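It should be emphasised that the depicted structure is a prediction, and the values quoted were computed from it without experimental measurement. When a residue number appears, it is its place in the shown sequence, counting from 1.
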Amino acid sequence: MTLNTAAQEVAQRLRDGMAHGVLSFPLTSFREDGSLDLDAFREYLAAQLATEPGAVFPACGTGEFTALDEEEYGRVIATAVDVAGGRMPVVAGIGYGYAQALRFARIAEEAGADAALVLPHYLVKAPQDGLVEQVRRIAAGTRLPLIAYQRDQVAFTIEGLRRIAEIPTVIGLKDGHSDLDKLQRLTLAAPDHLLFFNGAATAEVQARAYAAVGVPAYSSAVHAFAPEIAGAFFTALRDGDDERVDTLLRDFYVPLVELRDRVPGYAVSLVKAAARLRGKPVGPVRAPLTDPAPADLADLEKLLETGLALAAGR
């Protein structure tokens, strides 16, 4: 089965965008009291999108999707659509069970999003028939093209992937498992129209390995606080500058992963802390995440200085 016309158009825009830039997963701005700060989010996002990423994915994992209520979510997506101004696709995060995912999908649709990323459902482990049916039910209830996201308890088999690829609005699969043997089998079995995305945590560390199995596009959490570093890595990787790639990995990205792994939740809270260090108006994380400890924050500041120097060629 082929994609419907609207899904084909969005898929092509994503394909074009992925060829010239990273995928941006922006943070969501909160005030010190935990309330949503849309003015700050607008300012922050405008600066991020000025660096021309391939697409923007608001209210996803880095954007603390699970900490937003429906009203806040709608305002975040609408603001992202407005700031993007049609320059790049806006892909909204949706999730939980299919009924709640549909509610978010409809809110995103009304806000003007171009597509939706189906985040892993809440808690429950399920067989392939259930994973496929969940995507099918979401697709039946929204006009938005969908990207399925496999990580944690969601993992598609070749047959499962083929079945969701038959849905006329499913345009891609984002992978967070980093099992490259299985991923290679999926890419080889998938129809040509299906897009694949590297969704590994700190995706740059595995970007070359993912590209080797046919998945060059990746989401960059580093772009959320240092587009200069993310852009330098993307350019070096695209141009085959292995020496520069190795230097950025060894001196910035791998130490960042080691710092990230110290505390659960640092995959988001470190990113937000780094953005604050750079003067970006993003505020604190919401519970259950916690802001970094002072010692970790000091290490992050030193690492950020190193990364920025590397990006500038110093």
Side-chain angles (χ1 to χ4, degrees), residues 14 18 22-25 55 57 60-66 91 93-98 101 115-136 138 146-167 170-191 193-224 233 237 249 253-254 256-258 260-261 263-268 270-271:
L14 280 167
M18 293 185 306
V22 300
L23 304 175
S24 175
F25 282 67
F57 289 66
C60 292
T62 308
E64 297 179 77
F65 166 76
T66 58
V91 184
I94 63 173
Y96 302 111
Y98 82 84
L117 176 66
V118 184
L119 300 167
H121 58 267
Y122 173 72
L123 192 61
V124 178
K125 293 183 179 180
Q128 287 296 302
D129 285 348
L131 298 180
V132 171
E133 184 63 17
Q134 169 138 299
V135 176
R136 183 176 290 127
I138 295 170
L146 302 178
I147 300 168
Y149 190 3
Q150 64 167 18
R151 66 179 298 162
D152 299 324
Q153 71 270 30
V154 177
F156 290 99
T157 62
I158 289 175
E159 180 59 26
L161 181 70
R162 285 174 173 159
R163 289 166 65 188
I164 65 169
E166 291 175 353
I167 300 168
V170 171
I171 62 174
L173 178 74
K174 183 179 181 184
D175 175 74
H177 286 295
S178 302
D179 185 329
L180 297 180
D181 177 83
K182 290 183 179 178
L183 185 59
Q184 178 71 93
R185 300 181 194 201
L186 291 177
T187 60
L188 292 173
H193 71 261
L194 200 69
L195 303 174
F196 282 87
F197 305 83
N198 168 1
T202 315
E204 285 91 341
V205 174
Q206 300 189 60
R208 282 192 293 203
Y210 267 84
V213 296
V215 186
Y218 61 89
S219 56
S220 175
V222 170
H223 184 273
F233 183 90
L237 184 66
L249 287 174
Y253 281 99
V254 170
L256 180 65
V257 169
E258 292 170 350
R260 180 201 72 200
D261 289 347
V263 177
Y266 267 17
V268 175
L270 271 182
V271 172

Can you see which heavy atom on [X] is nearest to which on [Y], and at what distance?
{"X": "A55", "Y": "L14", "result": "CB-CD2, 3.6 Å"}
{"X": "A203", "Y": "S219", "result": "CB-O, 3.2 Å"}
{"X": "P120", "Y": "R151", "result": "CG-CG, 3.4 Å"}
{"X": "V268", "Y": "G61", "result": "CG2-O, 3.7 Å"}
{"X": "D152", "Y": "H177", "result": "O-CE1, 3.1 Å"}
{"X": "A207", "Y": "N198", "result": "CA-ND2, 3.8 Å"}

**OP:** Give me the ring orientation class for F233 and Y218: parallel if the planes are under 30° apart, tilted from 30 to 60°, perpendicular past 60°.
**Re:**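 Rings of F233 and Y218: perpendicular, as their planes differ by over 60°.
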Subject >> Residues that R208 engages under salt bridge (charged side-chain N to carboxylate O under 4.0 Å, His left out), provided they are two or more places apart >> reply: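 By the salt bridge (charged side-chain N to carboxylate O under 4.0 Å, His left out) rule, R208 matches D242, D246.
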**OP:** Determine, stepwise, if the pair Q128 / E159 fulfils side-chain contact (heavy atoms from CB on, under 4.5 Å).
**Re:** CA-CA 9 Å; Q128 287 296 302; E159 180 59 26; over 6 Å; no
With rounding to the nearest 0.5 angstrom, report the [atom1] to [atom2] distance, [X] to [Y].
{"X": "I147", "Y": "I164", "atom1": "CD1", "atom2": "CD1", "value": "11.0 Å"}
{"X": "L131", "Y": "E133", "atom1": "CG", "atom2": "CD", "value": "11.0 Å"}
{"X": "L23", "Y": "F197", "atom1": "CG", "atom2": "CZ", "value": "6.5 Å"}

Is there a donor-acceptor pair under 3.5 Å between the side chain of [X] and the backbone N or O of [Y]?
{"X": "T187", "Y": "V213", "result": "yes"}
{"X": "Q153", "Y": "K125", "result": "no"}
{"X": "T202", "Y": "V205", "result": "no"}

Applying side chain to side chain contact (heavy atoms under 4.5 Å, CB included), name anything that partners [X], two or more places apart in sequence or on another chain.
{"X": "V118", "value": "I94, I138, L146"}
{"X": "L173", "value": "A148, Q150, F156, L161, L186, F196"}
{"X": "D181", "value": "D179, R185"}

**OP:** Examine F65 together with Y96 and report whether their ring centres are nearer than 6.0 Å.
**Re:**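 For F65 and Y96, the ring centres are under 6.0 Å apart.
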Original post:
Under the side-chain contact (heavy atoms from CB on, under 4.5 Å) criterion, do Y253 and V222 qualify, and how do the steps go?
Top reply: CA-CA 9 Å; Y253 281 99; V222 170; 3.4 Å; yes
Subject >> salt bridge (Lys or Arg N to Asp or Glu O under 4.0 Å) contacts touching residues 211-223 (sequence neighbours left out) >> reply: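 Residue pairs passing salt bridge (Lys or Arg N to Asp or Glu O under 4.0 Å), neighbours aside: none found.
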**OP:** Start with the C-alpha gap between V170 and R136, add the side-chain angles, then the distance that decides, and say whether side-chain contact (heavy atoms from CB on, under 4.5 Å) holds.
**Re:** CA-CA 9 Å; V170 171; R136 183 176 290 127; over 6 Å; no
Original post:
Can K174 be said to sit on top of Y149's aromatic six-ring, NZ or CZ under 6.0 Å from centre and within 45° of the ring axis?
Top reply: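 Judged by the rule (NZ or CZ under 6.0 Å from the ring centre, within 45° of its axis), K174 counts as positioned above Y149.
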Original post:
So do the side chains of R163 and D129 get within less than 4.5 Å of each other, counting heavy atoms only?
Top reply: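 Of all side-chain heavy-atom pairs linking D129 with R163, at least one is under 4.5 Å.
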**OP:** With sequence neighbours excluded, tell me which residues meet ring-ring contact (aromatic ring centres under 6.0 Å, His included) with Y210.
**Re:**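 Applying ring-ring contact (aromatic ring centres under 6.0 Å, His included) to Y210 gives none.
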Subject >> Derivation of the side-chain contact (heavy atoms from CB on, under 4.5 Å) call for M18 and L195 >> reply: CA-CA 10 Å; M18 293 185 306; L195 303 174; 4.1 Å; yes
